[in-house]
Amino acid sequence: MADPPPAGSGESRFTMRLRLEPIGPANAADLWLVHNDDEVSYWYGGRKPSHGQAEQWARFMGDSWRCHGVHKWLAYDRGSGEVVGRGGLSRTPVDDDWGQIYEFLPEEPWVRTAHESHRPFIAHASWLELGWALRREFWGRGYASEIGRAGLEFAFGVLGAQAVVSCTVRHNARSRAVMERIGMRHGGEIRSRGIVEGVDGERDDAPYAVCVMLRRDWDRHE
């Protein structure tokens, strides 16, 4: 029997300029379009998904929306309907890689607590990851910040999260600027698989900058 969708999940959300749609199988073609943009694929080691891979990703995200109550959105321009990018939140797996983030979170029990649903994977219950990827033609217009703020509002206002983290490779200055612009604070760095400035391909020890927003910071901000 499938898990019932959590309250507030799977619904369209709107910002001033964007319509945010929870990604599922119906969004596979648009997800493919975003990740086949040259400037997006660069940050994924130059990899571009096939249509079949994009369909697999979209199904996985749809399962996460259903079981975990959250995953990424496809962002569409409210006026033209054009695909701007994808972004928003996702739950983080309980594993050694994401366990590096504990260093930047309070020493409280919620940090290590797992979500009640173990499908489609075992995830942290009380903190989430926030990110974005925009097609090149939409850079420099503030859309990433718009998606980021919508993600923070959803995390703290709808999901009741205790913290949100955002990670990007050290030399991605544009994404780091967005994190700061939406009020997140720099926590430090972790090492994970990714690209390194000036080096071809991916490495297992790429440096990632980590930014954090805690619920108490959000409540003060609001």
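Nothing here was measured: the structure is a model prediction, and the numbers come from that model.
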Going from [atom1] on [X] to [atom2] on [Y], what distance comes out if it is rounded to the nearest 0.5 angstrom?
X: Thr92; Y: Ile101; atom1: OG1; atom2: CD1; result: 8.0 Å
X: Ser192; Y: Gln100; atom1: OG; atom2: CD; result: 6.5 Å
X: Asp37; Y: Leu134; atom1: CG; atom2: CG; result: 9.5 Å
X: Arg119; Y: Arg66; atom1: CZ; atom2: CZ; result: 7.0 Å
X: Leu89; Y: Trp132; atom1: CG; atom2: CH2; result: 10.0 Å

Minimum heavy-atom distance Arg215-Ala161, with the two atoms named |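 Taking Arg215 first and Ala161 second, the nearest heavy atoms are NE-O, 3.0 Å.
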Spell out, yes or no, whether Met213 and Ile147 are grouped together once hydrophobic residues are joined by side-chain heavy atoms under 4.5 Å, including indirect joins.
->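 Met213 clusters together with Ile147.
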Please say which of His68, Glu129, His71 ends up in a side chain to side chain donor-acceptor pair (under 3.5 Å) with Ser90.
->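 It is Glu129; the other options fail the test.
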Determine, stepwise, if the pair Val158 / Arg13 fulfils side chain to side chain contact (heavy atoms under 4.5 Å, CB included).
-> CA-CA 12 Å; Val158 177; Arg13 296 181 71 82; 3.9 Å; yes
Report the relative orientation of the aromatic rings in Trp218 and Phe156; use parallel for angles under 30°, tilted for 30 to 60°, perpendicular for over 60°.
->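 Parallel.
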For the residue pair Phe60 and Phe121, does the interplanar ring angle fall in the parallel (under 30°), tilted (30 to 60°) or perpendicular (over 60°) class?
->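 Aromatic pair Phe60/Phe121 classed parallel.
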Output field: ring centroids His35/Trp43 closer than 6.0 Å |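 No, ring centres 6.0 Å or more apart.
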Given the side-chain rings of Phe104 and Trp127, with only the six-membered ring counted for Trp, is the space between their centroids under 6.0 Å?
->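 Here the rings of Trp127 and Phe104 have centres that are no less than 6.0 Å from each other.
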Cation-aromatic face contact Arg19/Tyr76, 6.0 Å, 45 degrees |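 Positive - Arg19 is close enough to the ring of Tyr76 and near enough to its axis.
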Any salt bridge between Lys48 and Asp38, counting N to O under 4.0 Å?
->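 Salt bridge flag = yes for Asp38 with Lys48.
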Considering only NZ, NE, NH1 and NH2 on the basic side and carboxylate oxygens on the acidic side, decide whether Arg170 and Glu189 come within less than 4.0 Å.
->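 Glu189 and Arg170: salt-bridged.
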